[in-house]
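Reading through the structure tokens given below for one structure.
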Amino acid sequence: MNHFLDIHKTDAADLRGMIDNADAMKQARLGRPKAAPDDEQPLAGRMVALIFEKPSTRTRVSFDVGVRQMGGQTMVLSGKDMQLGHGETIADTARVLSRYVDMIMIRTFDETILTEMSEYSDVPVINGLTDRTHPCQIMADVLTFEEHRGPIAGKKVVWAGDGNNVCASFLHAAGQFGFDLTFTGPAQLDPEEEFMGLARQKGSRIVVERDAYKAVEGADLVVADTWVSMHDSQSAKERRHNLLRPYQVNADLMSHAKPDALFMHCLPAHREEEATSEVMDGPNSVIFDEAENRLHAQKAVMRWCLGV
Ligand code: CP
Ligand code: NVA
């Protein structure tokens, strides 16, 4: 049994295997109706709990559809409607759920909730986003990059904006998949030093560049995310917008990257804030492929967790 808690906590060869498996499963389904079952049904007879303590569109739907395509069943649970949201401990919740379901995916706030869940659960636990990381998203992003441009190893990725949870998982992936990452954003919103250090230890070139135009020079991929994440206080919104405005990904900024540089955004986006519609809907944008690939990547993650 494997938990999928974070990219840097997962073996690099296993991560590569998941991306290849995701690609194979995607190819095998080409042109088929969304609800058609996969030829293989590795989750037949399995029940998966999907717990959400924060809103979600992509994570909720892609996990639910993915489990069903593989022959399993899901139950989608809202944290606030569970006893978990009314004082029951994470440890007790994990032990109880382990008696009913075969796997747990949880989207939550502090990452200690996720780690405690995994410590007390007898079934695999998957990180569906915490305040600190979002590994399933970056598995989809690696799959998406490689579909369009071939191996991501050795490429230059530029993260523009807030050094947030999605950025953290990109840094983890840099170390594990062997690409370089330049962060461009205000010093107040730098990614965690620990995560930059981990990627550097694995041999990735991790650069912090305050000038967005310099940062994107030679970029193969430019990535943006919302300026205010779900866990950020709304009262910080105006200050964050003021800090982050120079890092908006627009056509002018993209024109300083490589001509074929891709643009990614995990979505949901605030159009005309962190990125313009001209870029989001432009020829180098792969944002909807990223969203689709959540489905394929997570199916591979779930199979790895269950060893099926
Ligand atoms: N990208 C992502 O995780 O989207 P949701 O918040 O809609 O799940
Ligand atoms: N950084 C964003 C990602 C949403 C998928 C958030 O945490 O709100």
Side-chain angles (χ1 to χ4, degrees), residues 4-7 22 48-67 74 76-80 104-111 113-114 126-145 157 159-173 181 183 185-186 188-192 195 222-237 240-241 243-244 247-249 263-271 273-275 280 285-299 301-302:
F4 187 71
L5 301 182
D6 270 315
I7 289 178
V48 183
L50 307 174
I51 305 174
F52 290 91
E53 297 199 277
K54 287 175 179 168
S56 168
T57 297
R58 279 142 290 268
T59 306
R60 183 186 308 253
V61 179
S62 58
F63 266 103
D64 200 341
V65 171
V67 171
T74 59
V76 181
L77 302 161
S78 152
K80 70 176 184 321
I104 299 167
M105 190 289 308
I106 181 165
R107 164 168 288 193
T108 189
F109 293 91
D110 197 282
E111 79 168 356
I113 298 168
L114 171 80
I126 298 175
N127 177 356
L129 179 146
T130 69
D131 296 353
R132 202 173 183 208
T133 61
H134 193 6
C136 289
Q137 179 65 53
I138 307 311
M139 293 299 281
D141 293 356
V142 170
L143 176 62
T144 307
F145 183 90
V157 175
W159 180 275
D162 179 16
N164 64 13
N165 46 2
V166 182
C167 177
S169 288
F170 243 116
L171 281 165
H172 296 154
L181 190 144
F183 169 80
Q188 294 91 327
L189 300 175
D190 272 351
E192 287 181 48
F195 291 162
V222 179
V223 193
D225 187 13
T226 180
W227 287 343
V228 184
S229 284
M230 291 181 273
H231 60 275
D232 290 321
S233 142
Q234 282 299 314
S235 62
K237 190 173 168 183
R240 283 175 159 269
H241 277 229
L243 284 170
L244 287 160
Y247 300 96
Q248 181 193 65
V249 180
F263 171 74
M264 286 192 190
H265 189 309
C266 66
L267 306 176
H270 297 79
R271 286 174 175 259
E273 291 181 8
E274 67 268 15
M280 293 182 65
S285 170
V286 290
I287 56 176
F288 298 112
D289 291 337
E290 278 182 274
E292 176 183 340
N293 283 338
R294 293 292 302 278
L295 169 67
H296 309 295
Q298 289 158 190
K299 284 168 73 177
V301 168
M302 289 190 277

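Order of appearance sets the numbers: ligands from 1, and atoms from 1 within every ligand.
Looking at Ile126 and Cys136, their side chains come closer than 4.5 Å, going by heavy atoms from C-beta outward. When side chains are defined from C-beta on, Glu111 does not count as touching Leu5, because their heavy atoms never get closer than 4.5 Å.
Of the protein's non-hydrogen atoms, the one nearest atom 8 (O) of ligand 2 is Met230 N, 2.8 Å. Residue, atom and distance of the protein heavy atom nearest to atom 4 (O) of ligand 1 are Arg58 NE, 2.8 Å. For atom 2 (C) of ligand 1, the nearest non-hydrogen atom of the protein is Arg294 NH1, 3.3 Å. For atom 2 (C) of ligand 2, the closest heavy atom belonging to the protein is Ser229 OG, 3.4 Å.
Using modelled atom types, one side-chain atom of Arg107 and one backbone atom of Gly128 make a donor-acceptor pair closer than 3.5 Å. Under a 3.5 Å cut-off, the side chain of Asp64 and the backbone N or O of Arg60 do not form any donor-acceptor pair. Asn164 places a side-chain N or O within 3.5 Å of a backbone atom of Cys167 that can act as its donor or acceptor partner. In this structure, Thr130 contributes its side chain and Thr133 its backbone to a donor-acceptor pair below 3.5 Å.
Defined by atom type and a distance below 3.5 Å, a donor-acceptor pair is missing between the side-chain atoms of Ser169 and His134.
Of the listed residues (Glu290, Glu274, Arg271), just one forms a side-chain hydrogen bond (donor to acceptor under 3.5 Å, both in side chains) with His265, and that residue is Glu274.
When the ring-ring contact (aromatic ring centres under 6.0 Å, His included) test is applied to His241, the partners found at least two apart in sequence or on another chain are Trp227.
An N or O contact shorter than 3.5 Å links Cys266 to ligand 1 by distance. Distances between N or O atoms of Asn165 and those of ligand 2 include at least one value under 3.5 Å. Considering backbone and side-chain atoms alike, Leu267 places an N or O below 3.5 Å from some N or O of ligand 1. Between Thr226 and ligand 2, a contact under 3.5 Å exists for no N or O pair. Polar contact check, Val166 against ligand 2: no nitrogen or oxygen pair lies under 3.5 Å apart. The shortest N/O to N/O separation between His134 and ligand 2 does not fall below 3.5 Å.
Using a 4.0 Å heavy-atom cutoff, Arg60 is absent from the residues neighbouring ligand 1.
Those atoms of ligand 1 that come under 4.0 Å of a heavy atom in His134, given as number and element, are 2 (C), 3 (O). The contact set between ligand 1 and Arg107, taken as ligand atoms under 4.0 Å from a residue heavy atom, comprises 2 (C), 3 (O), 5 (P), 6 (O), 8 (O). Against a heavy-atom cut-off of under 4.0 Å, Thr57 is close to the following atoms of ligand 1: 5 (P), 7 (O), 8 (O).
Neither the backbone nor the side chain of Asp131 comes within 4.0 Å of ligand 2, counting heavy atoms alone. With a heavy-atom cut-off of 4.0 Å, Lys54 does not touch ligand 1 at all.
Atom CG in Asn127 sits 11.5 Å away from atom CZ in Arg132 (nearest 0.5 Å).
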